[in-house]
Structure formats: C-alpha cells, structure tokens
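Following: one structure in structure tokens, then a few remarks.
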Amino acid sequence: MEFTAQQIADFLHGVVEGNPNELISNFARIEEGHKGAITFLANPKYTHYIYETKASVVLVNKDFQPDRAIPATLIRVDNAYECLAKLLQFAESQKKVKTGISSLAYISNTAQIGENVYIAPFAYIGEHVTIGDNTRIYPHVFIDDNARIGNDCKLFAGVKIFDHSQIGDRCILQAGVIIGSDGFGFSPTSDGSYDKIPQSGNVILEDDVEIQANTVVDRATIGSTIIHKGVKLDNLIQVAHNVEIGENTVMAAQTGIAGSTKIGKSCIVAGQVGFAGHISIGDNNTFGAQTGVPNHIKTTGQIFQGYPAIPISNFRRSSIVFKNLADLQKNIFELQKQVAELQAQSSESKTKI
C-alpha cells in the first residue's frame, strides 16, 4: 500500500514540511533510507544522518531545528518515536490474519475454542482447555490440561503453556516461551541429596502482557506466580516460582528474579539484572544493566546501579574512585613508607638525646 506524506501527517496530526504528495510504501532506518521509505529522528546521536538520508520522508519532533538544508520531506509531530510506533501498528493491522483450525492439530474434545480462532498444524490443545475469541496459535504450541487463554492472544511457534496456567486478553508470547514449568524447589536431605518439592501452583498472566522469545515463567510452589497487566518481558528472562511483577513493569534480556520476590509497578529493569529471593521492590524504580539487588528496596522513583544496588549518583562517584584504586593504593604505600621513615628518624633522634 502507498500513502502520501500528507495522508500520513493527517493520521499522526502532524505538519508536512516539503512535498505533501511524496509517496511512501515502506519503512527504513534513517542511515539506510531509500526512495519510497519513511524513517524517523528521535535520538540526537543520529541527527547527522538526516542531512544525507535517501528516505523520502522523515518524522521529526516539532522542536527539531536543522542547521542546513534537508533533502527529505519532513513531518513534524509531537513525538517522532511514538508516531513511528503508531505507523508500525497500523501497518501490522493491515496484514492478512490467519484463521481456521488445521486438521493436523490435536484438540481434545473437552476443549472450548472461541470464534475466529487460528490453530496451526501440529499444535496440541489438552483436556478442558479454554481458548478465547480471535486468538492465534502457531505450529508446535503446547497447551496443557485446564489452561485458559484469553481473547486476541498470539502464541507463536514452540510456546509451552503448562496445566492450570491462566493467560489474559491480548497477550503475546513469542517463540519458545514457557509458562508454568516447575519452580526450582528442592529440599536438602540428611545424606546430602535433594528431594524434589512438588510445584502445585500455577502462573497467571493478566491482560496485555508481552513476553519475548525463550523466557521462562515458573509455576508457584503453592498459589500463583503473577505477571500483572501491561508487563513486557524481553528474551531469556527467568521468573522463578511465586514471583509477582507489578503492572506496566518492563524488563530487558537475561534478567533473573529469584523465588517469592515482588517487583513493583512501572519499574524499568535493564539487561542482566539479578534480584535475590524473598524481597520486595517499590514502584517506579529503575535498575541499570548488571545491577544486583540482594535486599528490599522500599523507596520509589529512584535509579539504581551496581552490586549491591545503590542510587546511581552514589554509584557514579564510587566508580570514579574504583577506576583510581591502583593509583590510590600506590599513593598509600608511598605514604606508609614515608611515615615509617619519619618514625625511624624520630626514634633515632630520641636515642641520641
């Protein structure tokens, strides 16, 4: 499909600066722009590309001020990144939606399947499973007995949903996601071995949760592991048994959350962050990459970094000291040597007296 710059501007409530009839048919990164593509500028680090991009149209913030001529047509909007997201969502909505149930899928006769559901070949739907309207289930998805999937969900290839798990509406689970596998529960015995503790709970995903590829959410030992509405989890995240993640919290790849920890609402967690077990984290906190959180954090709205996690202003000051530790050690050794020499001279003087 093709759209003019003016049509796009009208859709985004923006203002065209240049040729309103410029035709757009696809997207491109600003440094890889080409004729017929639309791109965007939101990060100042990429500003230099706007003067040489071959893209036909560039979304920019209304306050953007160029310092020389720009060959592309501009569309000025309140938030270029947010508007790009809206355009991508619109383009996605125009794609053909698969429907129908393949004869190569296994579906228990006790399962309840909603309207306009797509079930691909080689999917498995167990006993007493409920699947809501307009949900799409791709090849090799496994949905175990008594699981419940809401409306308008997307379960991509290889997703595994274990028994009694509950998935809300409009959830997206990317390839390889596992929901409801056993938590890591073992009891040490007197002979040094470990007895497995049965994991009898389940997992609850509320509405509008999105989980990226190969992330695992373990079932609770007793009760539920709960991912509240609007949470977004990146690839390769481990969520242990009985964890609770608050509304609209986002987590980047390789984060790990140990058992029974509670993360607050609207937190931002960067990559490779580790949370110890049985702790609580306040709302609206941010954790920089590779931060380790061993204890409760009751405060809200702060940024933490390092191990153990400390406020980022303290971390930055400490990191300067850390970078200079070798020189500081050298200076201390030199001072110790000078002090020893002064003490020796003082002792010698006293002896002569």
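FYI, side chains are in, hydrogens and waters are out, and symmetry mates aren't considered; it's all heavy atoms of this structure. Keep in mind the model is a prediction, meaning the values are calculated, not measured.
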Do D207 and K229 meet the salt-bridge criterion of a basic N to acidic O distance under 4.0 Å? no
Going through the distances and angles, do N202 and S224 end up as a side-chain hydrogen bond (donor to acceptor under 3.5 Å, both in side chains)? CA-CA 5 Å; N202 72 339; S224 299; 2.6 Å; yes
Candidates K196, H241, Q199 - the one meeting side chain to side chain donor-acceptor pair (under 3.5 Å) with D182: K196
side-chain hydrogen bond (donor to acceptor under 3.5 Å, both in side chains) pairs touching residues 37-50, sequence neighbours excluded, are none
side-chain contact (heavy atoms from CB on, under 4.5 Å) with I211: of I179, I172, V159, only one passes, and it is I179
Looking at N151, is its backbone amide N or carbonyl O close enough to the side chain of D169 to form a donor-acceptor pair, meaning the two atoms are under 3.5 Å apart? yes
So, N79 side chain and E82 main chain: donor-acceptor pair closer than 3.5 Å or not? yes
Should the pair K95-E92 be classified as a salt bridge under the 4.0 Å nitrogen-to-oxygen rule? yes
Is there a continuous path of hydrophobic side-chain contacts, each under 4.5 Å between heavy atoms, that joins I137 to Y106? no
Ring-ring centroid check Y118 Y138, cutoff 6.0 Å: yes
Can you get from L84 to I70 by hopping between Ile, Leu, Val, Met, Phe, Trp and Tyr side chains that sit under 4.5 Å apart? no
Taking the inter-plane angle between the rings of F3 and F90 on a 0 to 90° scale, is it parallel (under 30°), tilted (30 to 60°) or perpendicular (over 60°)? perpendicular
Is a donor on one side and an acceptor on the other found under 3.5 Å between the side chain of S319 and the backbone of R316? yes
Note, N314 side chain near I312 side chain (heavy atom, < 4.5 Å): no
Closer than 4.0 angstrom, basic N to acidic O: yes or no for K35 and E22? yes
Any luck finding a side-chain donor-acceptor pair between Q212 and E210 under 3.5 Å? yes
Test I178 against every option in V216, N214, T215 by the side-chain contact (heavy atoms from CB on, under 4.5 Å) rule and name the one that passes. V216
Begin from the C-alpha positions of Q336 and Q338 and carry the test side-chain hydrogen bond (donor to acceptor under 3.5 Å, both in side chains) through to its verdict. CA-CA 5 Å; Q336 288 176 330; Q338 293 176 12; over 6 Å; no
Sole candidate of N285, V293, I310 that passes side-chain contact (heavy atoms from CB on, under 4.5 Å) when paired with F304: N285
How about T130 and Q112: does a side-chain donor come under 3.5 Å of a side-chain acceptor? no
Would a distance-only check, ignoring hydrogens and angles, find a side-chain to backbone donor-acceptor pair under 3.5 Å from T4 to N21? no
Between R219 and D163, does any NZ, NE, NH1 or NH2 come within less than 4.0 Å of an OD or OE carboxylate oxygen? yes
Test ring-ring contact (aromatic ring centres under 6.0 Å, His included) on F275 and F287 and set out the steps. CA-CA 10 Å; F275 293 91; F287 298 89; 5.3 Å; yes
Donor-acceptor under 3.5 Å (T73 side chain, N19 main chain): yes
Evaluation steps, side-chain hydrogen bond (donor to acceptor under 3.5 Å, both in side chains), between E206 and H228: CA-CA 5 Å; E206 294 185 345; H228 287 287; 3.1 Å; yes
